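These numbers come from a predicted model, not from an experiment. Keep in mind that the numbers below use all heavy atoms, side chains included, and drop hydrogens, waters and symmetry copies. A note on names: the letters A, B, ... follow the listed sequences, proteins ahead of strands, and every chain is numbered from 1.
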Protein chains: 2
Amino acid sequence: MQGVIALALSHAILATLLDGPVSGYALMKRFNSAIGYFWQASHQQIYRELATLEHQGQVERMPTDGQTTTIRYALTEAGRSALTTWVMQPSEPGVMREDVLLKVRAGQLVPPATLLAELRHRRDLHAKRLLTYQELQLRNFSDPEHLSYEQCLHYLPLMRGVLFETENVHWCEQAIQMLENARQLQSGP
Amino acid sequence: MQGVIALALSHAILATLLDGPVSGYALMKRFNSAIGYFWQASHQQIYRELATLEHQGQVERMPTDGQTTTIRYALTEAGRSALTTWVMQPSEPGVMREDVLLKVRAGQLVPPATLLAELRHRRDLHAKRLLTYQELQLRNFSDPEHLSYEQCLHYLPLMRGVLFETENVHWCEQAIQMLENARQLQSGP
DNA sequence: AGCGGATATGCAACAAAGTGCATATTTACA
DNA sequence: TGTAAATATGCACTTTGTTGCATATCCGCT
């Protein structure tokens, strides 16, 4: 959005490393499950980015245990300060880029049944994601009324994910109903 | 997300051309205002994409009026059918990629006041966007209870935008309150 | 001992998206 | 009549993301 400091995957990686050293693989797992509600990346991207970050001195390899071949990366002071700089920087919100909205907008091109099938498919998918996030929420934050400041920092992004998927399900249901309704009124009597 | 047919900007352009021929500049304007709630693109991206689409025979230049230098593009049959194919194709939802969520997660690095300032800034921004969308909604759909099928196709994506920004405002407010609360409890006695 | 699946890492090529720079015309208005 | 803002178009470069490929280890099961 703005020209100064953008990037993002690198920041997502650095931020995740705040919780302690991890391997590229573990990072990938987290990105595609735990924090997948606001960031995703393939393992290839992550390994490439880790290599770049290491080259820039923002992360470093931990001494291996001798046992495994797993490479664990840790934040360096430079990485920590780069991340801090980025967090301080005010920034603009991005856009949602949901192709289903585009499909609905171009929906005149396909039979209503096709569009409705897609919407039902989406609804189920979002419902499934919602369930996953809600389980995470329950498991990790059993008492959301009494969280410390630091706990809030972890709770709030997850909460955003829950809200987002709740909305998605809700919108899909509304869309299905409106379209079915309008179709019946037009084709009907 | 999936390997078959992805792309997206091209489809957003083709879909917009369904409403009639437009210039690249007008397309840019629409992307960054009217339908900005689900897609955005810079003029450079749009001109490049239009050139590609023209090369592929999916759009064509309209005869100029002789008066202006403005180039207006129209959908061709090939473009229409390419778009149809894409709309038919089932697809997976993407991820939200909100950097403010990342910033909150890494919020331990900055003073609470900084984080709270950013959240208030975001709240105001989202409130402003919300207002824009709501005005669009009022102006274009005065009676949302009685829309034709085709009108629904335009109404529903806008409605998604309204819901999204409503959520954003709501989440920001909750976040501000939770963080302020937790901070007071911890710093106080 | 062999097999399959999860863990773990990485390169190379390519496609898509974003940023910076450059420029010409038109329109309103002071 | 100058000038500033909006309209209008585009190239070149850089960064990000995707896809296909290649490999090696570890763990549990049979």
Take atom [atom1] of [X] and atom [atom2] of [N], then tell me their distance rounded to the nearest Å.
| X | N | atom1 | atom2 | answer |
| --- | --- | --- | --- | --- |
| A/H55 | C/dG10 | NE2 | P | 16 Å |
| A/H43 | D/dG20 | NE2 | P | 13 Å |
| A/E92 | C/dG18 | CD | P | 15 Å |
| A/R48 | C/dC14 | CZ | P | 14 Å |

N/O (side chain, [X]) to phosphate O (OP1/OP2, [N]) under 4.0 Å:
| X | N | value |
| --- | --- | --- |
| A/Y47 | C/dT9 | yes |
| A/R97 | C/dG18 | yes |
| B/Q45 | C/dA17 | no |
| B/Y25 | D/dT9 | no |
| A/S42 | D/dT19 | no |

Between [X] (side chain only) and [Y] (backbone N and O only), is there a donor and an acceptor less than 3.5 Å apart?
| X | Y | result |
| --- | --- | --- |
| B/N32 | B/A41 | yes |
| A/S23 | A/R72 | no |
| A/R123 | A/W171 | no |

inquiry  = I'd like to know if B/Q44 reaches the base of C/dG20 with its side chain, counting only an N/O donor and acceptor under 3.5 Å.
reply    = yes
query = Is there a donor and acceptor pair, one atom on the side chain of A/E49 and one on the base of D/dG17, closer than 3.5 Å?
reply = no
ask   = Between B/Y73 and B/K29, who's closer to the 5' end of DNA chain D by nearest nucleotide?
value = B/K29
ask   = Taking 4.0 angstrom as the limit, do B/E180 and B/R120 come out as a salt bridge?
value = yes
